[in-house]
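Everything numeric here is computed off the predicted structure, so don't read it as measured data. Order of the sequence lines sets the chain letters (A, B, ...), proteins ahead of strands, with each chain counted from 1. All heavy atoms count here, side chains included; hydrogens, waters and symmetry mates do not.
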Amino acid sequence: MNIFNFFEAEFQAISNDLKGAGTIPETVDVSKVVFELPRNATHGDIACNAAMVLAKQAKMKPRELAELLAGRLAGCDGVTRVDIAGPGFININVEPRLWSAELRCILAAGTQYGRNDRGAGKSVNIEYVSANPTGPLHAAHARGAVLGDALAGLLEFSGWKVTREYYVNDAGGQVDILAHSVYLRYLEALGETIDTIPPGLYPGAYLKDVGVALAARDGDRYLALDEDKWLNPVRQFAIDAMMAIIRKDLVKLGVEMDVFSSEKALVEGGAVQAAIDRLQQDGHLYCGVLEPPKGKEPEDWEPREQLLFRATAFGDDTDRPLQKSDGGWTYFSSDVAYHLDKLERTGGRLINVFGVDHGGYVKRMMAAVEALSGRKNMLDIKLCQLVNLMENGKPVKMSKRAGNFVTVRDVVNAVGADVIRFIMLTRRSDQTLDFDYAKVTEQSRDNPVFYVQYAHARCSSVLRQAGTMPDEANLDILTMPAELALIKQLVSWPRIVVAAATTHEPHRIAFYLMDLASAFHSLWTAGRGNPALRFMLDDDAELTAARLWLVKATATVIRSALNVLAIPARDEM
RNA sequence: GCGCUCGUAGCUCAGCUGGAUAGAGCACUAGACUACGAAUCUAGGGGUCGGGAGUUCGAAUCUUCCCGAGCGCGCCA
């Protein structure tokens, strides 16, 4: 039993008791009452906000209610003192044994410590990366990849049934351009001289290999054909080649998708028409003329009547067109179909990880999912800000026009997947992030990956030197402030998981790991100045045993948290 | 013009969905080394949380209006 859950359960009993006695009304809602570690350690071991949260409902003054509750809480097992402070905080001090009991839970659970069942086995679909199949993943894609993947690990750790999904935009104009670009390289492979790649086509050298491979497989059969004859096979070949590259890049990053969904298959299977029929039936569509956007009117704007989705009924700023002037579907309408497909397949919630450049797309997608599902909050969209690649503080130059950009593969080869996975989570996802090659491989406090891994390596080092672990230890004797500070940090892990999972914010795990590492490094160094604080003591086998278990628990929690991020812990640096 | 994401220490950023005297790291100052028990740690100075108004016991957090930055705004995806 988690110490916080213990007090929450005790509080539940106390409030029921008070309700029964008529001291507080039956209707009082205690769901916002929390027991937590106070920010300031001088405020005791555990703080409770109940008096402030419930004062209005109970029609009592916060301090008065606090007095009442404090009296009851003082009677709970292990409580040594209860104070009331500030506007009505109830600060509880407990016997150290309550903390060491938690330590035993950690050791019993191993790296499963922190897991919870909030998801209750329900399905959630996370769509991320979904880069166009027109080239290798570039560095900016890595952030979305890591965010989505960490989120997936986090939600699994919280009891959700997670599907990791990549949406392949293999229909539409971009892949036609790809096909034309590859066709040029194909001609080149067959001996024709290509001076310059015409503007509008993909100039990247990575397409040369694709042209060569196409020539090797199919020979010169497309040479004399008209475009409408070669376009389909060349396009398919190119898309397959690009997706093979992208999958390899993802594997290098440690990302393994469960599902790759094809836009082309969706469209050809009639899913768009089906989705539109569905919206039509439910009365969400109409034909109308859109106002041009104010302030920035496109030069070629022509008012025209078109099929529109009534997105404004679901909070969007304007209604959204579903059909292009040439009669084809807009990207939005195939995306509507795709989200309907995901809703039906998943039978649960959806999460999309988008780049910031798709920010303007969020409202209409939320609107569409609400219209399709008939429910709010079925879709959460995480926007991923830009990554600035740096080398010793200076931006890395990239020339898009020449087609040479820094790829995910380049970065993985330079610094390793573990470093990328961690560093990408050292900022909130909606904050821009500087990724400095030099700094992220530095072996110092400046580099959070190193700092965390080093803490784990130090734990391993101690355990190595100790040899075998003592079978039993009296953990109740771990009572020094620095020890208790570390234990409290360890005990926080399950709550971090819950908070990060419910807010869909995996960066909290990275920050937690840094805090935990800091608490451990601090305790470690304390032993330097004061030999009595060392983990292994020649003259005190009992304390040594207890401290070894503390070290073991620390390593366990670090490993558990790194596991969620799919980063292996290291035993040596 | 409208919308989205932001604005927190000199710099880079957290802030547990409204809680206590707003926290870290870097840098700066002063200290601690028998190197996997110094790749680290301890202590110190440093703030009008962009600005105004509002909501309430209580606001960095919620509402609203300004200022500033980035992104987006039918027939690209």
| task | May I ask you to say what A/R534 touches in the nucleic acid, namely base, sugar-phosphate or nothing, with a heavy-atom cut-off under 4.0 Å? | result | base
| request: Indicate whether OP1 or OP2 belonging to B/C4 is found under 4.0 Å from a side-chain N or O atom of A/K363. | output: yes
| said: I need the CG-P distance between A/L516 and B/A24, as an integer number of Å. | reply: 17 Å
| query | Any side-chain donor-acceptor pair under 3.5 Å between A/H43 and A/N91? | reply | no
| Under a 3.5 Å cut-off for both distances, is B/G68 Watson-Crick or wobble paired, and to whom? | B/C6
| note | Per nearest nucleotide of RNA chain B, the residue lying toward the 5' end, A/A517 or A/A47, is A/A47
| said: Could you identify the nucleotide paired to B/A30, looking across every strand shown and requiring Watson-Crick or G-U wobble geometry with both distances under 3.5 Å? | reply: B/U42
| In a check of side-chain contact (heavy atoms from CB on, under 4.5 Å) between A/I90 and each of A/L65, A/L69, A/D83, which one passes? | A/L69
| task | Ignoring hydrogens and angles, state whether a donor on the side chain of A/N352 or A/H358 is under 3.5 Å from an acceptor on the partner side chain. | result | no
| For the residue pair A/H141 and A/H138, does the interplanar ring angle fall in the parallel (under 30°), tilted (30 to 60°) or perpendicular (over 60°) class? | tilted
| query | When all nucleic acid strands are considered with a 4.0 Å heavy-atom cut-off, which category describes A/E442: base, sugar-phosphate, or nothing? | reply | nothing
| query | Which one is paired to B/C49, where only Watson-Crick or G-U wobble pairs with both distances under 3.5 angstrom count? | reply | none
| For A/D357 and B/C73, what is the distance between atoms CG and P respectively, to the nearest whole Å? | 9 Å
| field | Distance, rounded to the nearest Å, where A/H43 contributes NE2 and B/U21 contributes P | value | 8 Å
| request: Looking only at side-chain atoms of A/Y454, point me to the closest of B/U40, B/C41, B/C75. | output: B/U40
| remark: To the nearest angstrom, the OH-P distance between A/Y512 and B/G23 comes to 21 Å
| Over how many whole Å does the gap from A/M573 atom CE to B/A35 atom C1' extend? | 15 Å
| request: Decide if the gap between the ring center of A/H521 and the ring center of A/Y454 is smaller than 6.0 angstrom. | output: yes
| message | In the structure I gave you, are the side-chain heavy atoms of A/S492 and A/L37 within less than 4.5 Å of one another anywhere? | response | yes
| said: Using a 4.0 Å heavy-atom cut-off, does A/G527 contact any base of the nucleic acid, only the sugar-phosphate backbone, or nothing at all? | reply: base
| request: Determine the interplanar angle of the A/Y331 and A/Y167 rings, folded into 0 to 90°, and report it as parallel if under 30°, tilted if 30 to 60°, perpendicular if over 60°. | output: tilted
| task | Would you check if the distance from the ring center of A/F314 to the ring center of A/H284 is below 6.0 Å? | result | yes
| message | Classify A/M514 by what it touches in the nucleic acid, base, sugar-phosphate, or nothing, heavy-atom distance under 4.0 Å. | response | nothing
| said: Which nucleotide, if any, forms a Watson-Crick or G-U wobble pair with B/G37, using both distances under 3.5 Å? | reply: none
| task | Ignoring backbone atoms, test whether A/Q306 places a side-chain nitrogen or oxygen under 4.0 Å from the OP1 or OP2 oxygen of B/C75. | result | no
| message | Can you build the contact string for nucleotides 5-16 of chain B? Use B for base contact, S for sugar-phosphate-only contact, and - for no protein heavy atom under 4.0 Å. | response | SS-----SSSSS
| field | For B/C11, the Watson-Crick or wobble partner whose two distances fall under 3.5 Å | value | B/G25
| Which part of the nucleic acid does A/D317 contact within heavy-atom distance under 4.0 Å: base, sugar-phosphate only, or nothing? | sugar-phosphate
| said: Given the structure, check if the side chain of A/S461 and the base of B/C36 hold any donor-acceptor pair shorter than 3.5 Å. | reply: no
| message | Please tell me if A/R570 has a side-chain N or O lying less than 4.0 Å from either OP1 or OP2 of B/C36. | response | no
| query | Taking the side chain of A/P321 as its heavy atoms from C-beta onward, which of B/G37, B/G74, B/A20 lies nearest to it? | reply | B/G74
| request: Measure from the side-chain heavy atoms of A/S444 and tell me the nearest of B/U40, B/C41, B/C71. | output: B/U40
| Is there aromatic stacking of A/H358 against B/G72, centre distance under 5.5 Å, plane angle under 30°? | no
| task | Describe, in one word, how the ring planes of A/F35 and A/F7 are oriented to each other, choosing from parallel (under 30°), tilted (30 to 60°) and perpendicular (over 60°). | result | parallel
| query | Taking the six-membered ring for Trp, are A/W493 and A/F157 parallel (under 30°), tilted (30 to 60°) or perpendicular (over 60°)? | reply | tilted
| request: Indicate, with a heavy-atom threshold strictly under 4.0 Å, whether A/D326 touches base, sugar-phosphate, or nothing. | output: nothing
| Using purine N1 to pyrimidine N3 plus N6-O4 or O6-N4 for Watson-Crick, or N1-O2 and O6-N3 for G-U wobble, both under 3.5 Å, which nucleotide pairs with B/C57? | B/G19
| Do A/V564 and A/V497 have side-chain heavy atoms sitting under 4.5 Å apart? | no
| task | Identify whether any heavy atom of A/H521 sits under 4.0 Å from a base atom; if not, whether one sits that close to sugar-phosphate; answer base, sugar-phosphate or nothing. | result | sugar-phosphate
Anything under 3.5 Å between a protein N or O and an N or O of nucleotides 28-32 of chain B, put it in a table, one pair a line.
none

| note | Correct closest heavy-atom pair for A/M514 and A/P448 would be SD-CB, 3.4 Å
| said: Once you apply a heavy-atom cut-off of 4.0 Å, does A/N91 come out as touching a base, just sugar-phosphate, or nothing? | reply: base
| field | Rounded interatomic separation in angstrom, taking CZ from A/R320 and P from B/G72 | value | 15 Å
| message | By nearest atom, which of the nucleotides B/A77, B/U40, B/G3 is closest to the A/Y451 side chain? | response | B/U40
| task | Could you tell me whether A/A526 contacts a base, only the sugar-phosphate backbone, or nothing, with contacts defined as non-hydrogen atoms closer than 4.0 Å? | result | nothing
| message | Please find the pair of heavy atoms, one from A/H507 and one from A/L425, that lie closest to each other, and give the distance. | response | CB-O, 3.2 Å
| Assigned partner base of B/C73, Watson-Crick or wobble definition, under 3.5 Å | B/G1
| message | Let's see if you can work this out: which of B/A77, B/A20, B/U17 has an atom nearest to the side-chain heavy atoms of A/T503? | response | B/U17
| Closest nucleotide among B/G25, B/U40, B/C36 to the A/Q465 side chain | B/C36
| said: Does A/G360 reach a base, just sugar-phosphate, or nothing at all? Heavy atoms under 4.0 Å. | reply: sugar-phosphate
| query | Does a nitrogen or oxygen in the side chain of A/K56 sit under 4.0 Å from OP1 or OP2 of B/C57? | reply | yes
